[in-house]
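Here the structure is laid out as structure tokens; the discussion comes afterwards.
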Protein chains: 2
Amino acid sequence: MTRVLVVDDEPQILRGLRTNLVARGYVVDTAPDGEAALDLAARRHPDVVIVDLGLPGIDGVEVIRGLRTWTAVPIIVLSAREQEAEKVDALDAGADDYVTKPFGMGELLARVRASERRAIATDDEEAVVRTAAFTVDLAAKKVIGADETAVRLTPTEWHLVEILVRHPGKLVSQRQLLQEVWGPRYEEETNYLRVYMAQIRRKLEPEPARPRYFITEPGMGYRFEPSG
Amino acid sequence: MTRVLVVDDEPQILRGLRTNLVARGYVVDTAPDGEAALDLAARRHPDVVIVDLGLPGIDGVEVIRGLRTWTAVPIIVLSAREQEAEKVDALDAGADDYVTKPFGMGELLARVRASERRAIATDDEEAVVRTAAFTVDLAAKKVIGADETAVRLTPTEWHLVEILVRHPGKLVSQRQLLQEVWGPRYEEETNYLRVYMAQIRRKLEPEPARPRYFITEPGMGYRFEPSG
DNA sequence: TAGCCTCTTGACGCGATCTTGACGTCGCCA
DNA sequence: TGGCGACGTCAAGATCGCGTCAAGAGGCTA
């Protein structure tokens with residue numbers, strides 16, 4: 001699953017890109033301005049960022065600089081401007097690629113693929129969350145139990161754990177979890193969550209009957225408590 | 001010192017690029033056609049390759065494919081052609097960037113800098129990976145078995161092994177593997193992976209039926225575990 | 001041209017995973 | 001105290017994904 005963050009102030013472009021990317025199996029976040037982009041990037045850790053240069057508020061180049069202070073995520077720049085100085089500025093600020101509007105969707109998708117391909121080679125972010133009972137390695141998609149042996153999680157189990165662990169201490173609503181893992185049409189199937197949270201607890205909690213890390217907030221959702 | 005290989009059949013473009021690059025402190029090799037390019041790349045190991053698509057003899061896209069069989073060097077494509085299909089083909093063949101002629105020298109230099117920047121991040125790799133059962137030499141593209149004899153891998157097998165071994169412990173998704181080895185149009189052909197992983201295990205695993213090094217994560221992908 | 005190697009493609013069986021429904025438990029509130 | 005809603009547990013059938021085998025196509029080499 002590849003997560004793409006699209007930053008553009010024109011709603012129709014945002015919509016078009018989202019539609020095309022989702023159709024290709026990407027998970028898409030969108031932001032209409034620089035502030036939202038930096039915020040979303042920090043929270044969702046996208047695998048690729050597509051950013052328009054002409055943004056209200058923070059300039060696109062500033063967004064690139066902001067991202068580059070803490071992440072090496074591939075950045076593809078969109079721009080209506082042909083001026084060479086613009087391109088040089090964006091690339092030197094840390095962008096990986098530069099596409100001039102109007103652009104073909106096929107080309108953009110190919111450039112996204114090229115970015116992904118490179119990212120496999122470079123991606124070594126330290127994304128490890130430790131508790132007394134287990135260790136979650138988000139980059140390697142691996143969970144190590146208390147006895148140092150790997151814990152096998154199924155894709156669905158892993159997906160849930162990943163969402164919860166990426167938001168330590170925060171309450172994640174049932175709807176959010178269902179929508180993210182099973183899709184928007186499953187928002188009512190709360191029994192799925194019950195079944196899978198039980199399985200996750202059986203595999204990770206020291207006392208599955210008395211959860212310390214994966215806490216139920218009745219009527220609301222679930223929460224991952226790193227300190228147990 | 002950064003070494004750049006420029007491939008173009010027009011002498012004046014070659015001259016222009018060489019002059020500009022040398023002025024910026026790059027060391028420049030030039031090749032007028034695909035054969036010379038592949039030969040020079042093998043002998044000089046450039047840090048960046050700039051290649052024109054419209055070459056006599058071997059096509060530019062073929063040059064990219066040829067390079068990609070053994071090196072991850074950044075490749076920047078130059079082309080007079082605007083057609084989107086051209087761009088998509090070149091990028092999917094393994095190019096990192098695509099610039100349409102006429103282009104500004106400042107832009108090209110900025111793109112070269114962007115490529116260099118990325119390459120630095122990836123450069124710190126261990127060229128030899130050892131396990132109890134076999135040794136993979138990434139630089140020499142060779143695998144030595146437990147009995148000290150060389151193991152023959154086909155190109156496709158090697159490609160898969162290389163990707164997995166370069167990311168020890170990390171889960172590599174089926175999509176990433178398929179896209180990298182067979183191209184973006186094969187993202188659904190998971191049976192290719194099944195066939196080739198079986199062959200790789202037959203050649204490398206002590207007990208092919210009980211893989212210790214090349215682990216399947218059902219529904220997600222594969223993982224190379226160096227410690228077995 | 002013949003032979004070999006590699007890649008592609010389809011089919012099959014098995015085990016793991018997902019889905020689904022039923023039931024028990026707990027806490028809250030009338 | 002009884003009822004209700006929400007959660008946890010369990011089990012069983014359906015489905016999916018993986019490993020395996022084998023046959024055929026294509027290309028390279030001798």
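Each chain gets a letter, A, B and so on, in the order its sequence line appears, and its residues count up from 1.
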Report which part of the nucleic acid [X] touches: base, sugar-phosphate, or nothing (heavy-atom distance under 4.0 Å, all strands).
X       : value
Q174(A) : sugar-phosphate
Y222(A) : sugar-phosphate
T190(A) : nothing
R210(B) : nothing

Measure the distance from [atom1] on [X] to [atom2] on [N] and round it to the nearest whole Å.
X       : N       : atom1 : atom2 : result
W182(A) : dC18(C) : CH2   : C1'   : 9 Å
H159(A) : dT17(C) : NE2   : C1'   : 16 Å
E205(B) : dG19(D) : CD    : C1'   : 14 Å
I200(A) : dT17(C) : CD1   : P     : 13 Å
R202(B) : dC21(D) : CZ    : C1'   : 9 Å
E157(A) : dC16(D) : CD    : P     : 19 Å
M220(A) : dA6(D)  : CE    : C1'   : 14 Å
R185(B) : dT8(C)  : CZ    : P     : 13 Å

(request) Kindly state whether the ring of Y196(B) and the ring of W158(B) have centres lying under 6.0 angstrom apart. (result)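 Between W158(B) and Y196(B), which both carry aromatic rings, the centre distance is not below 6.0 Å.
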(message) Taking K87(B) first and then D97(A), would you say they form a salt bridge - that is, a charged N and a carboxylate O separated by under 4.0 Å?
(response)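 Not counted as a salt bridge, because no side-chain N and carboxylate O are separated by less than 4.0 Å.
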Options [options], nucleotide nearest the side-chain atoms of [X]:
X       : options                  : answer
Y196(B) : dG8(D), dC7(C), dC18(C)  : dC7(C)
R201(B) : dC18(D), dG19(D), dT6(C) : dG19(D)
T216(A) : dC7(C), dG8(D), dT20(C)  : dG8(D)
R152(B) : dC5(C), dT20(D), dT19(C) : dC5(C)

(request) Run the numbers on R201(A) and E207(A) for salt bridge (charged side-chain N to carboxylate O under 4.0 Å, His left out), then give the verdict. (result) CA-CA 8 Å; R201(A) 284 168 176 156; E207(A) 292 178 275; over 6 Å; no
(message) Among residues at least two apart in sequence or on other chains, which ones pass ring pair (Phe, Tyr, Trp, His ring centres under 6.0 Å) with Y26(A)?
(response)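 Partners of Y26(A) by the ring pair (Phe, Tyr, Trp, His ring centres under 6.0 Å) criterion come out as none, since no residue qualifies.
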(request) Output yes when a side-chain donor or acceptor of E205(A) lies under 3.5 Å from a complementary backbone atom of R212(A), and no otherwise. (result)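 Yes; judged by distance alone, with no hydrogens or angles, the pair exists.
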(message) Let me spell it out: for each of E217(B) and V195(B), pick the nucleotide of DNA chain D with the closest heavy atom. Which residue's pick is nearer the 5' end?
(response)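 It is E217(B), whose closest nucleotide lies nearer the 5' terminus.
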